[in-house]
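Basis for what follows: all heavy atoms, side chains included, without hydrogens, waters or symmetry-related copies.
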Amino acid sequence: MAHVHHFTYGLITLVLAYSVSVLGCLLGLICTARARETVRLSWRVRWLALGAVSIGGTGIWLMHFLAMLGFTVSNTFVFYDPALTALSALMAVGIVSVGIFLVGLGRPSLVKVLAGGVMTGLGVAGMHFTGMAAMRVLDGAVEYDPVLVVSSVAIAIVASTVALWFTIVIKSRPALAAASPIMAIAVTGMHYTGMFAASVREVSVNGRVEGVDVTTLLIPSAVIVGTVLIALLYATLSAPAAEERAAQALTVRLLQECDEQMPPPMARPTRATMRTQLRGHLTLRDGDPSESTASGAFVPR
């Protein structure tokens, strides 16, 4: 068996992968919280889609990709199939979308959460091992420990169920900040459990393998994911939160009530009105109140 390294560059890959997972899970939970607050179906669908991209694309797949940067095998080279790598990314977003839309549309229930958790967990595990299948080891064959494989699938199902439960119950900002690291721990634990299940057996095969180095995939992946993250950050930060919308609505209502309670402004007297009032005053002073009363002029007290 060839010696497998999971942390070739030290713990930097673990810390980086976990941090990105926390960010993706946090943005995803914010999007699902916004989806629950909105009434319009079209806006709810948009927020749920953004949440699925954030959790599936950033919180899960990008974490998986960054952690693979530290995976090397002694005395040989590891390459990756670009098509299978791209397929694993699409699987991550697609499977998470199924689970999020299942619990996010309609009335949430325990049955939906459990069913969605099982489907999403199996899909995430499938995404992980699809990404592993994209590996091409020169003069080596990848083998798996069945016990650790089953363990990683079980962790994926539990993590997915908890994540879907978070998407329907987490509302406040402190709860969002506390839930996202928990989700990231589960995602990272599932990944490395599946990675530790892999071993490489040396085979005497002369020739070359098809694929590209992981660093070659890093630049296009970073550009795509960076663009998606910027769009997600802009969407979540530009849209007002529920507290802000409630405060704006309260301010508008109070202003309307103040406008209704204020007395109408006094009309500015015209020259004709002032002339009539002056004539009535002079008539009253001359001692003919009947004429003043008949003319309808204002009689001062």
Smallest separation among heavy atoms of Pro181 and Val22, with atom names: CA-CG2, 4.0 Å

Audit row: Leu14, Leu11, side-chain contact (heavy atoms from CB on, under 4.5 Å) steps and yes/no: CA-CA 5 Å; Leu14 171 61; Leu11 295 179; 4.2 Å; yes

Shared hydrophobic cluster for Met119 and Val150 (ILVMFWY, side-chain gaps under 4.5 Å): no

Nearest-0.5 Å distance that lies between atom NE2 in His128 and atom CE in Met68: 7.5 Å

Shared hydrophobic cluster, Met132 / Leu148 (ILVMFWY, side-chain heavy atoms < 4.5 Å): yes

Shortest non-hydrogen contact between Ser54 and Leu27, atoms and distance: OG-CB, 3.1 Å

Heavy-atom pair of closest approach, residues Met91 and Gly123: CE-O, 4.3 Å

In a table with atom names and distances, give each donor-acceptor pair under 3.5 Å that connects a side chain of residues 95-108 to protein atoms at least two apart or in another chain.
unit_1 : atom_1 : unit_2 : atom_2 : d
Ser97  : OG     : Val93  : O      : 2.6

Side chain proximity check, Leu66 to Val20, heavy atoms < 4.5 angstrom: yes

Partner set under side-chain contact (heavy atoms from CB on, under 4.5 Å) for Ala86, not counting sequence neighbours: none

Which residues share a side-chain hydrogen bond (donor to acceptor under 3.5 Å, both in side chains) with Ser19, sequence neighbours left out: none

With Phe166 via ring pair (Phe, Tyr, Trp, His ring centres under 6.0 Å) - residues at least two apart: none

From Ile55 atom CD1 to Ile60 atom CD1, the distance as rounded to the nearest 0.5 Å: 7.5 Å

Evaluation steps, ring-ring contact (aromatic ring centres under 6.0 Å, His included), between Phe7 and Phe71: CA-CA 6 Å; Phe7 306 102; Phe71 180 83; over 10 Å; no

Interatomic distance, Leu48 atom CG to Cys31 atom SG [nearest 0.5 angstrom]: 9.0 Å

Donor on one side chain, acceptor on other, Trp61 and Ser88, under 3.5 Å: yes

Summary of salt bridge (Lys or Arg N to Asp or Glu O under 4.0 Å) pairs that have at least one residue in residues 183-199, sequence neighbours excluded: none

Could you list the donor-acceptor pairs under 3.5 angstrom formed by side chains in residues 78-85, with sequence neighbours left out?
unit_1 : atom_1 : unit_2 : atom_2 : d
Asp81  : OD1    : Ala83  : N      : 3.0
Thr85  : OG1    : Asp81  : O      : 2.9

Nearest-0.5 Å distance that lies between atom CG in Leu122 and atom CD1 in Ile157: 4.5 Å

Set of side-chain contact (heavy atoms from CB on, under 4.5 Å) partners for Val111, sequence neighbours left out: Ser109

Straight-line distance of Asp145 CG to Ser152 OG, nearest 0.5 Å: 10.0 Å

Connected via hydrophobic side-chain network under 4.5 Å: Leu114 and Ile155: no

Polar side-chain atom of Ser21 near backbone of Ala17 as donor-acceptor pair, under 3.5 Å: no

Pairs flagged by ring pair (Phe, Tyr, Trp, His ring centres under 6.0 Å) wherever residues 26-45 is involved - sequence neighbours left out: none

Donor-acceptor contact present, side-chain Arg44 to main-chain Ala35, <3.5 Å: yes

Residues that Leu90 engages under side-chain contact (heavy atoms from CB on, under 4.5 Å), provided they are two or more places apart: none

Val147 reachable from Val153 in the ILVMFWY side-chain graph, under 4.5 Å edges: no

N/O donor to acceptor pairs below 3.5 angstrom from side-chain atoms of residues 182-198, sequence neighbours left out:
unit_1 : atom_1 : unit_2 : atom_2 : d
Thr188 : OG1    : Ala184 : O      : 2.7
His191 : ND1    : His64  : ND1    : 3.1
Thr193 : OG1    : Gly189 : O      : 2.7

Where at least one partner belongs to residues 151-167, residue pairs that pass salt bridge (Lys or Arg N to Asp or Glu O under 4.0 Å), sequence neighbours excluded: none

Taking every non-hydrogen atom, the tightest pair across Thr32 and Leu29: OG1-O, 2.9 Å

Leu26: partners by side-chain contact (heavy atoms from CB on, under 4.5 Å), with sequence neighbours left out: Ile30, Leu176, Ser180

Joint cluster assignment, Leu69 & Val15, ILVMFWY side-chain distance < 4.5 Å: no

Straight-line distance of Thr161 OG1 to Leu110 CG, nearest 0.5 Å: 10.0 Å

